[in-house]
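Just so it is clear, the values below take in all heavy atoms, side chains as well, and ignore hydrogens, waters and symmetry mates. Quick note on labels: first sequence line is chain A, next is B, and so on, each numbered from 1. Keep in mind it's a predicted model, so treat the numbers as computed, not measured.
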There are 2 protein chains.
Amino acid sequence: MTPIDKLIVHFRKSITLTDDEAEIVGGCFTIVELKKKEILLYEGDLSSHMRFISDGCLRSYYMDEDTKEHIIQFGIEDWWINDLYSYLTNTPSKQFVQAIENSVVLQIHKDKLNDLYNNVPAVERFFRFKFEKAYVSLQERTINAMSKTAEEHYLDFRTKHRDIEQRVPQYMIASYLGITPEFLSKLRKNISQ
Amino acid sequence: MTPIDKLIVHFRKSITLTDDEAEIVGGCFTIVELKKKEILLYEGDLSSHMRFISDGCLRSYYMDEDTKEHIIQFGIEDWWINDLYSYLTNTPSKQFVQAIENSVVLQIHKDKLNDLYNNVPAVERFFRFKFEKAYVSLQERTINAMSKTAEEHYLDFRTKHRDIEQRVPQYMIASYLGITPEFLSKLRKNISQ
DNA sequence: AGGGAATCTTAATGTAGGTTAATAACGACT
DNA sequence: AGTCGTTATTAACCTACATTAAGATTCCCT
C-alpha cells in the first residue's frame, strides 16, 4: 500500500469519499521522507502544514531555556503530528518535530487545505473533528497531570500506548511524563517487585 | 445594555452580522440568572449548551476522588464558560460550573446552534475560531505547567488576569495554579519582601 | 569482534511543595 | 457591636521528585 493509499484509508475511517474525491484529496499531499533523528520542523519555523504519518515514529518537543527537552507528543503510523499552536495562530513554532525512526510523512499546506475544504466538504468535517479531538485529549492529559502521581502516569501510559512504549527509548517516555529518566528507572524497579 | 445586546457586541468583535442576523442569533439564546455559589452544571450532567457570561464571575472545576477541587477555568463578563470536553464528546461532564458572584449567563443548545450554523454561516466561523483558541490557550497552559515553577505561575497569572485576581478568593487562585493555599500564602510573603 | 556512543540503573543528597494544625483576619448578617 | 462563617497566615514536619555523579548495559558501526 502506498503512503497515499494509507492516507485515503485513514480518511475513510471517519468520512465518506467518492473515488473522484479521493483522487483530488490524494493529489494535494506531498511526501516527505525522513531519516532517524532528522528534524521536520524547527523551533522558530512557521508550521503551515498538516502532517500525516504514513510510516515510522516521530516526536514533538520544546526546549525550556535552551537546555532541557520536554516531549509533547509521540506519533506513529496513522497519526497526525504538528505544532497545532503555530499552525492555528500563524506564529513561529516553539516546538521541534523530529523523526525517532526512519519515517514517511504526507503533508498538505494550509492554503491548499483551505481550497480543499471548498472542493471536498467532507474534508472540512474531518478536520473539525480532528481539532475537537485534539482539544479533548489535551484536556484529558492536563487534568490527569494535575491530580495523579508520576507512577500512575507511567502505568496509564503503558496501558494506553504499549505500541509506542516498545519503540521509543525510556528517557523519552520520562520526558513525555514530565519526570527525569533516573526517577522513571526507580519507579520501574518498584513496580516490578 | 441588555445581556443579549452584550452578546451581539461580543459576536461583532470577530465577525460581521447584519441587523437581521443579529436578531436571529439573539433569539436563539436563553437567559440564566445565578445566585452566588449556585451551580450551573453538575458533574455527571451532559453539557449540551454553549454559555456566554453577560455579567458576573464563574469557575469550572473538578473533584479528584471526591475530595479536592481543582479549578480549570475562571470566567467573567464577555467570556465563554463550559465543559467543552463533555460538549464535544457527548459524555457526562467530569466538571462543575459554579457562580462565584451573582451572574447572568446566556446559553444556546447544541442542536439550536447547529441550526444557526446553517442560517447564519458567520456564526460557524465564530465558533471554529473559538475552539481553535480554546485549544491554543490550553496548550499554552499545559506547556507552561511543565516547565515553570509555582511562583512563576502565580506572577504570570497576576499580570495576565489582574481583573480576576481581584474578584476571586485566594484559595481559588491556588487551586487554579495547582498548589495549596498555604503554599501560595508563603509565596506571596516571599514576593512582597 | 571490539570500541565508542547511546541508554539505563543505582545511590547519596537537595528542594519545591504538601500536610497538619493552630491562630488570625475579614465580612456579612442580625 | 457581636457573632459566625469564610478566608488567609504561620510554622513544624513530611514526601515526591530532582540533581549529581558514577557505573553498567545495550546498540551500532567499521
Side-chain angles (χ1 to χ4, degrees), chain A residues 35-39 56-59 61 63-71 74 98-102 144-158 164-193, chain B residues 35-39 56-59 61 63-71 74 98-102 144-158 164-193:
Chain A
K35 293 252 173 264
K36 182 171 176 173
K37 299 206 176 169
E38 202 172 329
I39 293 185
C57 180
L58 296 90
R59 64 176 178 139
Y61 63 95
M63 312 271 284
D64 73 348
E65 292 114 45
D66 296 344
T67 50
K68 256 172 298 171
E69 295 177 4
H70 297 260
I71 293 182
F74 293 112
Q98 185 191 35
I100 297 178
E101 307 169 355
N102 295 342
N144 278 343
M146 284 174 79
S147 49
K148 291 193 180 174
T149 163
E151 180 167 332
E152 288 172 311
H153 290 152
Y154 175 60
L155 292 171
D156 287 356
F157 181 85
R158 284 222 315 202
I164 294 177
E165 198 211 348
Q166 268 135 26
R167 286 167 75 167
V168 309
Q170 199 171 299
Y171 73 87
M172 287 195 186
I173 295 175
S175 166
Y176 178 81
L177 299 175
I179 60 178
T180 58
E182 292 86 350
F183 190 62
L184 178 53
S185 182
K186 194 191 264 183
L187 285 182
R188 284 164 52 85
K189 196 182 165 193
N190 292 341
I191 291 168
S192 65
Q193 276 166 3
Chain B
K35 292 249 172 267
K36 183 173 175 171
K37 297 206 177 170
E38 203 172 330
I39 292 184
C57 179
L58 296 90
R59 64 175 179 140
Y61 63 95
M63 311 272 283
D64 72 349
E65 292 113 45
D66 296 345
T67 49
K68 256 170 297 172
E69 296 177 4
H70 297 259
I71 294 182
F74 293 111
Q98 185 192 36
I100 298 178
E101 307 169 356
N102 294 342
N144 278 343
M146 283 172 81
S147 49
K148 291 192 179 174
T149 163
E151 180 169 329
E152 288 172 312
H153 291 152
Y154 175 59
L155 293 172
D156 287 356
F157 180 85
R158 284 223 316 203
I164 294 178
E165 198 210 348
Q166 267 136 26
R167 286 166 75 166
V168 310
Q170 199 171 298
Y171 73 87
M172 286 194 187
I173 295 175
S175 166
Y176 178 82
L177 299 174
I179 60 178
T180 58
E182 292 86 348
F183 189 62
L184 178 53
S185 183
K186 194 192 265 184
L187 286 181
R188 284 164 52 85
K189 197 181 164 195
N190 291 340
I191 290 168
S192 65
Q193 278 167 1

| said: OP1 or OP2 of C:dA6 versus the side-chain N and O atoms of A:Q170: is any pair under 4.0 Å? | reply: no
| remark: Looking only at heavy atoms, the pair that brings B:A99 and B:L58 closest together is CA-CG, 3.9 Å
| task | Would you kindly give the CD1-to-C1' distance between B:I100 and D:dT7, to the nearest whole Å? | result | 14 Å
| Nearest-Å distance for atom pair NZ/C1', residues B:K36 and D:dG5 | 11 Å
| Value in whole Å for how far the C1' atom of C:dG17 lies from CD1 of B:I191 | 14 Å
| said: Using whole Å, what does the distance between atom P of nucleotide D:dT6 and atom CD of B:E69 come to? | reply: 13 Å
| request: Go through D:dA16, C:dG18, C:dT7 for me and flag the one nearest to the A:F183 side chain. | output: D:dA16
| note | Contact check, residues 144-158 of chain A vs DNA chain C, heavy-atom distance under 4.0 Å, returns none
| message | What's the closest nucleotide to the side chain of A:K189 if the choices are C:dC8, D:dA8, C:dT10? | response | C:dT10
| When the distance from CZ of A:R188 to C1' of C:dC8 is rounded to whole Å, what number comes out? | 9 Å
| request: Just compare C:dC8, C:dG18, D:dA8 and give me whichever is closest to any side-chain atom of A:P169. | output: C:dC8
| field | N/O donor-acceptor pair under 3.5 Å between A:T149 side chain and A:E152 backbone | value | no
| request: Of all the heavy-atom pairs spanning B:D64 and A:S147, show the shortest one and how long it is. | output: OD2-CB, 3.7 Å
| request: Please check if the side chain of B:H153 supplies one atom and the backbone of B:N144 the other of a donor-acceptor pair under 3.5 Å. | output: yes
| said: Looking only at the side chain of A:E182 (C-beta and beyond, no hydrogens), which of the listed nucleotides D:dA11, D:dC17, D:dT20 gets closest? | reply: D:dT20
| field | Atom pair distance, as rounded to whole Å: OH in B:Y171 and C1' in D:dT6 | value | 8 Å
| query | The side chain of A:S185 lies closest to which of these nucleotides: D:dA18, C:dT9, C:dC8? | reply | C:dT9
| request: Indicate the atoms forming the closest heavy-atom contact of B:R188 with B:E165, along with that distance. | output: NH1-OE2, 4.2 Å
| For A:L187 and D:dT15, what is the distance between atoms CG and P respectively, to the nearest whole Å? | 17 Å
| said: In this structure, how many angstroms lie between the P atom of D:dA11 and the CG atom of B:N190, rounded? | reply: 12 Å
| salt bridge (charged side-chain N to carboxylate O under 4.0 Å, His left out) partner of B:E101, the single match among B:K37, B:R167, B:K36 | B:R167
| task | Please name the pair of heavy atoms, one in A:I71 and one in A:Y61, separated by the smallest distance, quoted to 0.1 Å. | result | CA-CB, 3.8 Å
| query | Quick one: on DNA chain D, does B:K37 or A:G178 contact a more 5' nucleotide (nearest heavy atom)? | reply | B:K37
| Closest listed nucleotide, where the reference is the side chain of B:K186 and the choices are D:dC17, C:dG18, C:dC8 | C:dG18
| Given C:dT19, is OP1 or OP2 found less than 4.0 Å from the side-chain N or O atoms of B:K68? | yes
